[in-house]
Amino acid sequence: MNTPLEPPTSPSPPRKLPAIGLAISLAIALVLGGCGGDGAAEAGKKAPEAGLPELLANGLGDHLGKAVVSETKEADGVTTLTLDPSSGPLCLRGDPFRFSMRDGSSDELLVFLQGGGACWSAFCLAVNKAPAGVPLLESLDPARPENPYKDHDVVYLPYCDGSMFSGDRDHDDDGDGEDDRFHRGLANLSAALDGAKARYPTPSRITLAGSSGGAYGTFAALPLLRHLYPDVPIDVVEDSGAGLGKPGEPAFLAKLLDEFGASRLIPESCAACQGADSLLPFRAWQFEHLQNFRVASLAGLRDGILADVFLQVPGADFEAMLRDRTGALAAAYPDRYRRFFRAGRFHTALLGTPAAILGDDLSAVELPKGAIGQLAGIVLANLRSTAPSGQTVAGWLMAMRAAPDSALGKQWTDVVPAPGGADGKGYVVPGPSSIGPPGRKAALRLPKDYDGVDPLPVVVLLGGYDYFAKDAEEWFALGPLCDSLGFALLMPDGVVDSAGSPTWNATDTCCDYDGVGTDDVAYLTALLDELALQVHIDPRRVVLFGHSAGGFMAYRMACDRSERIAAVVSVAGSGFKDAWLCKATAPVSVLQIHGTKDDVMPFGGDDEAPGALEITARWGARDGCAKDSWATEDDLLDLLDDNKPEDASVSAFSGCAPGIDVRLWTLQGADHYPEPKPLFRSTSLGWALAHPRPAWPIPGVDP
């Protein structure tokens, strides 16, 4: 007779089992499986809640107690269990499913359902393998101060079967008589929750969090958790997965549920669920039939991944549906369902990086044709993202966990921006005025009508030696162009040296005069990373505009981070004295602007840096431009405020890498500090913004 998986029966069960004990007890329990029940029928003596019998009769608990552990690994305080595919759990293309657990310092439990796309017969964009371990994404990082769950025990479920943790059906898509698409989400979910119950039998509270596809998975995971933990309060955090289908097209959702084999999980007693175009009626049914849980819904009003990629509906239609369906639920259950929505195309707030969804193994990601371009524009919110009131995602989630009548608890309210203008995108998104680490903030200016919908190009203004960003901006006056050309202007300062002047540690000869060794490449890279989390930027249009030492720094970034930079505009700057020190691996468009009378960084170069012609030629060679194609154009430009017409000649290479341009503006008679006309600014930035970086090269995937 097999023995079902049961919680400890001692009068005072331990809060969690030791790691070694867990591996042995869970392996034995799962290998033995269940007999005469669902493997969790003894989970508690409390009578089942009103809705559970119907769900269990429909098959919700069919996979509890059935999985078999084939391998257990311990690494860095994390236990990872790999399950035998023959016992049920499986990834989309037949790889084994695994899940991981990590002990915390509190008696609260976080069950995290990862995202990773969805797959059905007409469309498949999904992760199809389950990596080991617990990734240190924002809401799983125990060292991140703002993480509301940093001290929790953690059960982490990677997502690898394309059916949002609810699937229970296999498919033979190529008609060869053998199944090749395995939707085993319910088996995977059940096995991991069995493991959670065995290792953490008596938590004081459970947070069930899911991002993207994992958020959709909370609709099945919540009743399973309620079954296994009858008396434990549960907080559900659905992160960019409120349960929407296509607005007004119930057949779309019905088709998905049928392909996944999840239709049976929708109770017949839920009349509103039948023929619905979203899962929100099922959530309402849960509020009526299950007790002691609340839901926090995080979303971007025009989520670019859900609306554009998966549902393929206009952002305005997605927003209207999101507001309508969730608004009705919030009105019906105001104390149990609350929302934190932000204007824009933001997707997820608990992860912090796209790598948290896709992982490091890009061969495990299935992508339909054309998806690369859409994914390249993904913009994520994070725990520090703010509402117009100034409340952060982290603060809002902490308020959810606080006592309702406390000062903090009263801050867990519905946070939803007012509708936009008549054109449907009339929001002004309150972006940050500065970003960066304490002590070295960089000023940030966004277009006045920035709505968070369309991705913004980025222009990074790098001042010369002795020029703070505000000085460089006053001189070049790029700020007003933010509104007319529509870009984000980032204005960092160099580190102040012993002479009191800001400077950059750019090249082998410029301009770390004190020998401090500041890693300005790392600093600027971190700024770009942070900006991408705060603002919807276009990662293919990042432009560096630098003067003098700032021009040196712009070239240094292009050398070290060429895969991140679209174009460089260097005014009186230069690069490494030794050309081999530049390690650029991707083509970068270059516009060198240089005065012929420059006595600081001579036009013809000096012993410390190459001149204008040489630095331009170096980039022509790196960018694959045709040899001997250098030519000066017939037309001259009037760029300087010196009352002299047509003071700039234009020379350029031809035959460069696709989309790449390398050219030189020679300012006749100008010194190191030219006085630019408005045409200088608009023409140079217009050129740079017209040269986006080629599509991200992803190994094994065509751009």
Side-chain angles (χ1 to χ4, degrees), residues 89-95 97 112-130 157-171 173 179-189 210-221 238-247 249-263 265-266 276-280 282 299-300 303-313 318 321-322 345 347-348 350-351 354 356-359 362 364-372 374-375 378 380 701:
L90 202 63
C91 291
L92 184 64
R93 300 304 180 189
D95 289 280
F97 176 73
F112 193 96
L113 310 184
Q114 181 59 285
C119 188
W120 61 95
S121 55
F123 182 90
C124 192
L125 194 166
V127 177
N128 59 33
K129 293 181 182 179
L157 284 71
Y159 174 42
C160 69
D161 89 297
S163 70
M164 300 178 288
F165 294 97
S166 60
D168 201 20
R169 177 172 294 170
D170 302 339
H171 294 271
D173 288 327
D179 290 330
D180 43 42
R181 174 163 49 107
F182 303 95
H183 291 311
R184 303 284 184 89
L186 187 60
N188 299 346
L189 174 66
S211 287
S212 195
Y216 281 82
T218 64
F219 285 81
E238 51 179 41
D239 177 23
S240 296
L244 301 189
K246 287 191 176 184
E249 297 185 34
F252 173 79
L253 182 60
K255 171 68 172 174
L256 258 62
L257 293 176
D258 178 65
E259 281 206 27
F260 295 162
S263 300
L265 302 183
I266 304 298
D277 60 2
S278 80
L279 294 175
L280 272 297
F282 185 32
D303 187 318
I305 296 300
L306 292 184
D308 298 347
V309 179
F310 286 99
L311 299 178
Q312 298 179 7
V313 299
F318 177 88
M321 185 182 191
L322 181 66
R345 302 176 67 257
H347 183 69
T348 74
L350 299 182
L351 305 180
I357 304 174
L358 302 179
L362 294 177
V365 184
E366 297 190 25
L367 295 168
K369 185 177 181 180
I372 287 292
Q374 292 175 303
L375 292 179
I378 187 174
L380 305 185
V701 179

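The basis for the numbers below is simple: all heavy atoms, side chains too, and nothing from hydrogens, waters or symmetry mates. Quick note: residue numbers are just sequence positions, from 1.
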**Request:** Search all heavy atoms of Phe165 against all heavy atoms of Ala220 and return the closest pair with its distance.
**Result:** O-CB, 4.2 Å
**Asked** What distance do Leu306 atom CG and Ser212 atom OG have between them, rounded to the nearest 0.5 Å?
**Response** 5.5 Å
**Request:** Identify the two heavy atoms, one from Ser240 and one from Thr348, that lie closest to each other, and give their separation to 0.1 Å.
**Result:** OG-N, 2.6 Å
**Request:** Output yes when a side-chain donor or acceptor of Asp277 lies under 3.5 Å from a complementary backbone atom of Gly245, and no otherwise.
**Result:** no
**Complete:** Rounding to 0.5 Å, atoms CG (Leu351) and CZ (Phe112) come to a distance of 5.0 Å
**Request:** Would you mind reporting whether Asp95 and Cys160 have side-chain heavy atoms less than 4.5 Å apart?
**Result:** no
**Request:** Grab the two heavy atoms, one from Phe97 and one from Leu90, that are nearest each other, plus how far apart they are.
**Result:** CB-N, 4.0 Å
**Item:** Note, Phe252 side chain near Leu311 side chain (heavy atom, < 4.5 Å)
**Value:** yes
**Complete:** Tightest non-hydrogen contact, residues Tyr159 and Met164, listed as OH-N, 2.9 Å
**Request:** Measure the shortest side-chain to side-chain distance between Arg345 and Asp308 over non-hydrogen atoms and say whether it is less than 4.5 angstrom.
**Result:** yes
**Message:** If we ignore hydrogens and angles and just use 3.5 Å, is the side chain of Asn128 paired with the main-chain N or O of Arg93 as donor and acceptor?
**Reply:** no
**Asked** Hey, does Leu265 have a side-chain heavy atom less than 4.5 Å from the side chain of Leu257?
**Response** no
**Prompt:** Taking C-beta and beyond as the side chain, do Asn188 and Asp161 meet within less than 4.5 Å on heavy atoms?
**Reply:** yes
**Item:** For the student: nearest non-hydrogen atoms of Leu92 and His183, plus distance
**Value:** CD1-CE1, 3.9 Å
**Message:** Minimum heavy-atom separation for Ser278 and Met321, please, with both atom names.
**Reply:** CB-CE, 4.0 Å
**Request:** Identify which one of His171, Arg181, Arg169 satisfies the side chain to side chain donor-acceptor pair (under 3.5 Å) criterion when paired with Glu259.
**Result:** Arg181
**Message:** Let me confirm one number: the NZ-CZ distance from Lys246 to Phe318, rounded to the nearest 0.5 Å.
**Reply:** 13.0 Å
**Item:** Side chain Tyr216, main chain Leu244, donor-acceptor under 3.5 Å
**Value:** yes
**Complete:** dist Leu256:CG -> Phe310:CZ (nearest 0.5 Å) comes out at 10.5 Å
**Message:** Working to the nearest 0.5 angstrom, can you tell me the gap between Cys119 SG and Asp173 CG?
**Reply:** 7.5 Å
